[in-house]
Amino acid sequence: SDASFNSFCKTENKEILTLAGLIKETENGLQPTFYNRVMFPIEDERGRVLGFGGRTLNPNDKAFKYLTTSETEVFHKRKLLFGIKQAVEEIKKKKHVIITEGYTDVMMMHQHGYKNAVAVLGTALTAEHLRLVKRFCKEAVLLLDGDEAGRNAMMRSMEIFLSEDFLVSIALLPNGQDPFDALQSEQGIHFQESLDARISVTEFLLLELRKKYNLATIEGKIEASAELVKLFNVIQNPIKLSSLISEFSEKLGVDELALRSNFFLLQEKKHKLNKIRNSNISAPVPERAEFFAERIGKAEERLMLMMA
């Protein structure tokens, strides 16, 4: 109630509550950020509560269905995963983590024995997320809805998958189902089948390229090659890069030498552009150099007069 909320604010540090994102200043005074919502504490791997997620209880509410704490000094969505504290031991035991999208998906998965499941906090998967789970296991299984939105989300994260030296595989649920629905249908049979049938990042990328481009034509091969060259630009490991170029050239029917040439041409252009940018930044502006020299000269003259 409003009375209990006001009473609570009087006994607590308002500045801390505001900085933590629990209350906000409005035209009508202080208001709770999370109102009429089911609350989900969001902890780090050590069990420290750093923020909250809230799902509205009113289906007709015009507010967002899910609300998460805004970025604070300690709460960073791109570095945190929901359920990580509860999942750590199981992740270590199974040597892989299942990453999905929703709080309720994770809770349902834990109830069905998949206790190595965690969820992103309304953001795309980041390099920081992968580095976090990399401390506990050898593989991350990305489990997103098998619909168009889910597949697009995976493609947006493709550069991260390719750049990180960490095994990432992708599981696609049938008919665009989410994990919550899949586990309730037919006792989760299709859910386990989807996990067992997970594919590598490169297999998924090949599937998407074949869907996107007509590889039976020269134009299609050129377009697919151009996309690959841009994606491969983020790979730092030379052995991994060389292996992927060979694999994709063979499976897409693209000349390997041409693909390598295009990649190194892009690298050369990038190197030249960076060199130009760096030279522009470091080169002194003549007028400014003269101005400073003039000031130094005058300062020396003043010092000499003072010593005379």
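The residues of the chain are indexed from 1 along the displayed sequence.
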Residue [X] excluded, over 12 heavy atoms near [atom1] under 6.0 Å:
X	atom1	value
K85	NZ	no
K115	NZ	no
L57	CG	yes
R46	CZ	no
K134	NZ	yes

State yes or no: are the ring centers of F232 and F248 separated by less than 6.0 Å? yes
Spatial distance of atom [atom1] ([X]) from atom [atom2] ([Y]) [nearest 0.5 Å]:
X	Y	atom1	atom2	answer
D178	D105	CG	CG	5.0 Å
I98	E90	CD1	CD	9.5 Å
T202	L207	OG1	CG	10.0 Å
F75	I42	CZ	CD1	4.0 Å
Q86	I91	CD	CD1	10.5 Å
K138	H96	NZ	NE2	13.5 Å

[X] side chain to [Y] main-chain N or O, any donor-acceptor pair under 3.5 Å?
X	Y	result
S249	D255	no
S157	I160	no
T72	A20	no
E139	K95	no
R260	L257	no

Using side-chain contact (heavy atoms from CB on, under 4.5 Å), reason through K92 and N116 one step at a time and then give a plain yes or no. CA-CA 8 Å; K92 290 177 182 176; N116 56 332; over 6 Å; no
Quick one: does [X]'s side chain get under 4.5 Å of [Y]'s, heavy atoms only?
X	Y	value
V120	L81	yes
L125	V168	no
Q192	Y114	yes
R210	L215	yes
L162	L244	yes
L172	M154	yes
E208	M158	no
R48	D44	yes

Test log, rule side-chain contact (heavy atoms from CB on, under 4.5 Å), inputs F161 and L205: CA-CA 11 Å; F161 302 151; L205 180 54; over 6 Å; no
Compare every heavy atom of [Y] with every heavy atom of [X], then report the nearest pair and how far apart it is.
X	Y	answer
P179	L143	CG-CD2, 3.8 Å
A140	I99	CB-CD1, 4.2 Å
E256	S246	OE2-OG, 3.0 Å
T33	L67	O-CD2, 3.5 Å
T56	R37	N-NH1, 3.4 Å
F191	L173	CD1-CD2, 3.9 Å

Holding to ring pair (Phe, Tyr, Trp, His ring centres under 6.0 Å), I want the full list of residues that pass it with F40, two or more places apart in sequence or in another chain.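 Here the qualifying residues are Y103.
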Sequence neighbours left out, what passes ring pair (Phe, Tyr, Trp, His ring centres under 6.0 Å) with F166? Give chain and number order.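 With sequence neighbours excluded, F166 shows a ring pair (Phe, Tyr, Trp, His ring centres under 6.0 Å) to no residue whatsoever.
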Apply the test side-chain contact (heavy atoms from CB on, under 4.5 Å) to residues M108 and Q184: give CA-CA distance (whole Å), side-chain angles for both, the deciding distance (0.1 Å), then the verdict. CA-CA 9 Å; M108 179 64 76; Q184 293 187 98; 4.0 Å; yes
Apply side-chain hydrogen bond (donor to acceptor under 3.5 Å, both in side chains) to R131 and T126, showing your working. CA-CA 9 Å; R131 287 166 196 161; T126 67; over 6 Å; no
Evaluation steps, side-chain contact (heavy atoms from CB on, under 4.5 Å), between H76 and E128: CA-CA 10 Å; H76 306 288; E128 287 89 346; over 6 Å; no
Answer with yes or no whether the hydrophobic clustering places [X] together with [Y]; edges join I, L, V, M, F, W, Y residues whose side-chain heavy atoms lie under 4.5 Å apart.
X	Y	value
L80	V74	yes
F34	L17	yes
V234	F264	yes
V97	L142	yes
Y66	L121	yes

Before you tell me yes or no, could you show the steps for K230 and E159 under salt bridge (charged side-chain N to carboxylate O under 4.0 Å, His left out), namely the whole-Å CA-CA distance, both residues' side-chain angles and the distance that decides it to 0.1 Å? CA-CA 9 Å; K230 288 179 182 176; E159 285 191 2; over 6 Å; no
Between side-chain atoms of residues 217-229 and protein atoms elsewhere (two or more places apart, or another chain), which donor-acceptor pairs fall under 3.5 Å?
from : atom 1 : to   : atom 2 : distance (Å)
T217 : OG1    : N214 : O      : 2.8
T217 : OG1    : G220 : N      : 3.0
K221 : NZ     : G253 : O      : 3.0
S225 : OG     : K221 : O      : 2.7
E227 : OE1    : K212 : NZ     : 3.1
E227 : OE1    : Y213 : OH     : 2.4

Salt bridge (charged side-chain N to carboxylate O under 4.0 Å, His left out) evaluation trace for E89 with K93: CA-CA 6 Å; E89 292 308 315; K93 188 191 299 183; over 6 Å; no
